[in-house]
**Q** 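Here you go, one structure.
The first residue in the sequence is number 1, and the count goes up from there.
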Amino acid sequence: MGAESAWVYDEVTLTNGYRMQGMILKESPAGIEFQVIRRPPGRPTVTLTTFIAAREMSKVRRLAAADRAALKAKLAGLDLTGAGARKRMEALALTPTDWLGRPGAAQRYESEQFVLVSGAADEVTRRAAVRLEQIYAAFARVLPPRRPAGRPTTVLLAGRPADYEALVCGPAGRVLNPAVYDPRRNRIVCGTDLARLGAELTATQKKHAAEWARLDRYEADIRQLYKGRAADLERFEEIVRRERRRVYLADHANGRKFDEATRRLFALLYHEAFHAYTATFVYPPLSAADVRAGQGTGELPRWLNEGLAQLFEGAVVEGTELRVGPPDAKRLEAAQDLLRGMGSPAGLVPLADLLRAGKDSFLTVHADQRSVADRAYLTSWALTYWLTFDKQAVGTGAFEEYLAAVNSGGDPVAAFEKWIGTDARSAEKEWHDYLRRLRVDGSVAPPVGPKGR
């Protein structure tokens with residue numbers, strides 16, 4: 001291995017045993033703001049900034065000052081001008097593959113946990129590959145893989161509605177959802193109508209790439225020409241810097257246009273990818289007999305699976321990073337409205353009912369079922385957010401015992417009470433109180449006493 005690979009990191013070991021490598025950004029008595037850094041061989045560097053509560057950590061190994069400075073320099077060196085992210089995206093190894101009977105009409109990208117096969121434009125394909133790398137790193141942050149040898153999930157990304165219909169249900173079928181996960185085939189199909197935008201972005205990016213190459217050649221030439229003449233060299237290098245900045249801003253605007261057009265697409269992709277990740281690498285389905293025999297915990301209950309998928313669906317890309325944590329503003333407002341009696345007269349789904357809910361509560365097939373499904377989804381999101389970020393209860397030993405209990409035929413409410421350490425009525429009261437005080441930035445307002453009412 002060369003010097004390029006010799007990166008050293010801060011390291012945090014969580015109470016669930018998962019080890020995270022990266023860089024400590026800020027520390028306080030409450031916890032650590034941590035930038036996870038993953039550098040898989042042959043693929044782009046992935047970073048994920050997250051907050052780790054003090055009670056979630058069992059061990060912290062900090063870098064020496066000199067090593068921390070070196071790590072900061074290496075991270076900065078990845079993208080000094082803003083071109084680094086683009087260069088890493090362009091360096092992705094994509095191979096031609098067949099698409100709906102058309103030889104070589106798609107591109108394929110392989111990772112440890114997914115294989116992307118895309119019939120969309122090159123720019124869409126490359127951004128999707130990077131986003132999937134980022135979201136799988138975020139999945140592992142919350143639920144570390146327990147079955148690393150699981151078979152990678154195939155992700156089919158259709159660039160045209162007709163292709164999506166052909167993949168999902170045939171030309172004569174009716175597509176109800178823009179993204180679907182088929183657990184039997186371990187396959188996600190995601191559709192997008194971005195043919196025109198994808199072609200425009202790809203053409204613009206090719207133009208930008210040519211401009212980057214021209215600037216690189218020009219800079220090399222002037223350094224050779226004005227070698228030993230520092231004043232002249234600095235004047236021409238300033239011209240190069242201004243031109244690079246211009247191209248970077250144009251490229252950044254290109255990226256914003258893409259992000260706006262694909263926000264819903266990637267939300268759906270993240271959602272379905274979470275279902276695939278947990279079923280394949282963390283909590284695969286098992287029979288009750290197998291769970292009782294100690295062969296595993298079995299799968300996530302439907303409410304929790306949908307709740308966690310919604311948390312990741314709301315992940316936000318900021319520059320080259322993906323952040324998971326602050327609550328989705330629209331969901332939070334809707335949940336708080338239900339608590340205040342401003343939405344459905346039924347309010348949030350009662351805790352005991354949600355814990356016992358089956359798959360039918362999360363299926364929206366006809367218009368008259370939409371309100372029921374939306375209420376179930378919203379309640380599962382709200383409960384899962386509380387359990388994940390306030391209670392820090394997901395991924396613990398008690399969490400595993402809860403899964404084993406419900407998947408071996410135990411009472412879901414009794415199993416939940418044992419997991420949380422309190423009765424369902426008290427847990428529901430605490431959860432609702434937290435939800436009322438939760439703010440859109442993830443902070444929680446202090447409780448209001450009798451005098452403040």
**Q** Answer with yes or no whether the side chains of Thr125 and Asp122 bring together a donor and an acceptor at under 3.5 Å.
**A**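 Absent: no donor and acceptor within the cut-off.
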**Q** Where do Ala179 and Cys190 come nearest, in terms of heavy atoms and distance?
**A** CB-SG, 4.0 Å
**Q** Tell me if the CZ atom of Arg437 is crowded by more than 12 foreign heavy atoms within 6.0 Å.
**A** yes
**Q** Under the side chain to side chain contact (heavy atoms under 4.5 Å, CB included) rule, what do Thr49 and Leu25 come out as? Steps first, then yes or no, please.
**A** CA-CA 9 Å; Thr49 300; Leu25 302 178; 4.0 Å; yes
**Q** Could you grab the distance from atom CE of Met20 to atom CZ of Arg38, nearest 0.5 Å is fine?
**A**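 It comes to 10.5 Å.
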**Q** Apply the test side chain to side chain contact (heavy atoms under 4.5 Å, CB included) to residues Leu116 and Thr154: give CA-CA distance (whole Å), side-chain angles for both, the deciding distance (0.1 Å), then the verdict.
**A** CA-CA 6 Å; Leu116 174 66; Thr154 298; over 6 Å; no
**Q** Would you check if the side chain of Glu306 reaches a backbone N or O of Ser380 as a donor-acceptor pair within less than 3.5 Å?
**A** no
**Q** One thing to verify: whether Arg425 and Glu417 come together as a salt bridge, which I'm taking to mean a side-chain N less than 4.0 angstrom from a carboxylate O.
**A** no
**Q** The test is ring-ring contact (aromatic ring centres under 6.0 Å, His included); show your working for Tyr136 and Phe114 and say whether it passes.
**A** CA-CA 9 Å; Tyr136 270 86; Phe114 68 90; 5.2 Å; yes
**Q** Flag the pair Tyr109 / Val130 as yes when at least one side-chain heavy-atom distance between them is below 4.5 Å, and no otherwise.
**A** no
**Q** Taking the side chain as everything from C-beta on, heavy atoms only, tell me whether Trp386 gets closer than 4.5 Å to Thr384.
**A**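 No. Closest side-chain heavy atoms not under 4.5 Å.
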**Q** Pair Leu94, Arg126 - check side chain to side chain contact (heavy atoms under 4.5 Å, CB included), show working.
**A** CA-CA 8 Å; Leu94 302 179; Arg126 291 180 182 278; 3.5 Å; yes
**Q** List in chain and number order the residues that pass ring pair (Phe, Tyr, Trp, His ring centres under 6.0 Å) with Tyr181, two or more places apart in sequence or in another chain; answer none if no residue qualifies.
**A**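 Counting only residues at least two positions away or on another chain, Tyr181 forms no ring pair (Phe, Tyr, Trp, His ring centres under 6.0 Å).
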**Q** Going through the checks in order, is the salt bridge (charged side-chain N to carboxylate O under 4.0 Å, His left out) test met by Arg62 and Glu27?
**A** CA-CA 11 Å; Arg62 296 172 178 81; Glu27 290 192 72; 2.8 Å; yes
**Q** Taking Met23's backbone N and O only, do any of them form a donor-acceptor pair with Gln35's side chain (distance below 3.5 Å, no angle check)?
**A**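 A pair under 3.5 Å: no.
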**Q** Looking only at heavy atoms, what is the nearest atom pair of Ala415 and Ala405, with distance?
**A**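 In terms of heavy atoms, the two residues are closest at CB-CB, 3.8 Å.
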**Q** Tell me which one of Tyr277, Tyr18, Phe281 satisfies ring-ring contact (aromatic ring centres under 6.0 Å, His included) with Phe139.
**A** Tyr277
**Q** When you check the gap from the basic side-chain N to the acidic O, do Glu110 and Arg108 get nearer than 4.0 Å?
**A**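 Yes.
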**Q** Give, for atom CD1 of Ile32 and atom CD1 of Ile52, the distance between the pair rounded to the nearest 0.5 Å.
**A**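 The CD1 atom of Ile52 is 6.5 Å from CD1 of Ile32, to the nearest 0.5 Å.
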**Q** Kindly indicate whether the side chain of Trp7, heavy atoms from C-beta on, has any atom under 4.5 Å from the side chain of Leu71.
**A**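 They are in side-chain contact.
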**Q** What I want to find out is whether Lys59 reaches Glu11 closely enough, with some N-O distance under 4.0 Å, to be called a salt bridge.
**A** no
**Q** Is any side-chain heavy atom of Gln113 closer than 4.5 Å to a side-chain heavy atom of Pro152?
**A** no
**Q** CD1 of Ile24 to CZ of Arg61: how many Å apart, nearest 0.5 Å?
**A**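 One gets 11.0 Å once the value is rounded to the nearest 0.5 Å.
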**Q** Is there a donor-acceptor pair closer than 3.5 Å between any side-chain N or O of Asn16 and the backbone N or O of Thr396?
**A**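 Checked: no pair found.
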**Q** Where is the tightest heavy-atom contact between Val413 and Ala424, given as atom of each residue plus distance?
**A** CG1-CB, 4.0 Å
**Q** Around Glu333, counting heavy atoms of other residues, nucleotides and ligands shown, do more than 12 lie under 6.0 Å from its CD?
**A**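 Atom CD in Glu333 is not packed in, count stays at 12 or less.
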**Q** Over all heavy atoms of both residues, which pair between Ala106 and Trp99 is shortest? Give the atoms and the distance, please.
**A**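 Scanning both residues, the minimum pair turns out to be CB-CB, 3.5 Å.
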**Q** Is Glu299 close to Thr278 at the side-chain level, that is, under 4.5 Å between some pair of heavy atoms?
**A**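 Thr278 vs Glu299: side chains apart.
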**Q** Identify the residue among Leu300, Asn305, Leu304 that makes a side chain to side chain contact (heavy atoms under 4.5 Å, CB included) with Tyr283.
**A** Leu300
**Q** Using a 4.5 Å cut-off on heavy atoms from C-beta on, say whether the side chain of Leu403 contacts that of Pro301.
**A** yes
**Q** As an exercise, state the distance from NE2 of His275 to CG of Asp182, rounded to the nearest 0.5 Å.
**A**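 With rounding to 0.5 Å, NE2 (His275) is 13.0 Å from CG (Asp182).
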**Q** Heavy atoms, side chains only, cut-off 4.5 Å: are Thr297 and Arg146 in contact?
**A**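 They are in side-chain contact.
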**Q** Is there a side chain to side chain contact (heavy atoms under 4.5 Å, CB included) between Phe416 and Leu387 once you walk through the steps?
**A** CA-CA 11 Å; Phe416 180 86; Leu387 292 169; 4.1 Å; yes
**Q** Quick one: pull up CG in Asn186 and OG1 in Thr280 and give me the separation to the nearest 0.5 Å.
**A**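 The distance works out to 3.5 Å.
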**Q** Between Thr422 (side chain) and Ala427 (backbone), is there a donor-acceptor pair under 3.5 Å?
**A**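 Side chain of Thr422 to backbone of Ala427: no pair is present.
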**Q** With a 4.5 Å cut-off on side-chain heavy atoms, are Ile188 and Val180 touching?
**A**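 In short, these two side chains do not touch, never coming nearer than 4.5 Å.
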**Q** Among all residues two or more places apart in sequence or in another chain, which pass the side chain to side chain donor-acceptor pair (under 3.5 Å) test with Arg356?
**A**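 For Arg356 the side chain to side chain donor-acceptor pair (under 3.5 Å) partners, ignoring immediate neighbours, are Asp411.
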**Q** Before you tell me yes or no, could you show the steps for Gln392 and Arg55 under side chain to side chain donor-acceptor pair (under 3.5 Å), namely the whole-Å CA-CA distance, both residues' side-chain angles and the distance that decides it to 0.1 Å?
**A** CA-CA 8 Å; Gln392 303 286 329; Arg55 62 185 173 183; 5.6 Å; no
**Q** For a quick check under 3.5 Å, do Trp431 and Asp390 share a side-chain donor-acceptor pair by atom type?
**A** no
**Q** Taking only residues two or more places apart in sequence or in another chain, which ones pass ring pair (Phe, Tyr, Trp, His ring centres under 6.0 Å) with Tyr402?
**A** Trp419
**Q** Please state whether the rings of Phe274 and Phe312 are parallel, tilted or perpendicular, taking 30° and 60° as the class boundaries.
**A** parallel
**Q** Between Glu219 and Arg241, is there a side-chain N and carboxylate O pair less than 4.0 Å apart?
**A** no
**Q** Check Arg436 with Asp433, please: is the shortest side-chain N to carboxylate O separation under 4.0 Å?
**A** no
**Q** When you measure from the side chain of Asp163 to the backbone of Ala158, do you find a donor-acceptor pair of N or O atoms at a distance under 3.5 Å?
**A**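 Answer holds: no.
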**Q** Rounded at 0.5 Å granularity, tell me how far CZ in Arg331 sits from CG in Leu311.
**A** 8.5 Å
**Q** Hey, what's the ring geometry for Tyr385 with Trp381, parallel, tilted or perpendicular (30° and 60° as the breaks)?
**A**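 Plane angle between 30° and 60°, so tilted.
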**Q** Which atoms form the tightest heavy-atom contact between Leu348 and Arg375, and what is the distance?
**A**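 Where Leu348 meets Arg375 most closely, the heavy atoms are O-NH2, 3.5 Å.
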**Q** Which heavy atom of Ala335 sits nearest a heavy atom of Leu378, and at what distance?
**A**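 Shortest heavy-atom contact: N-CD2, 3.7 Å.
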**Q** May I ask you to say whether Arg244 pairs ionically with Asp216, meaning some side-chain N is under 4.0 Å from a carboxylate O?
**A** yes
**Q** Donor-acceptor pair, Glu33 side chain versus Ser28 backbone, under 3.5 Å?
**A** no
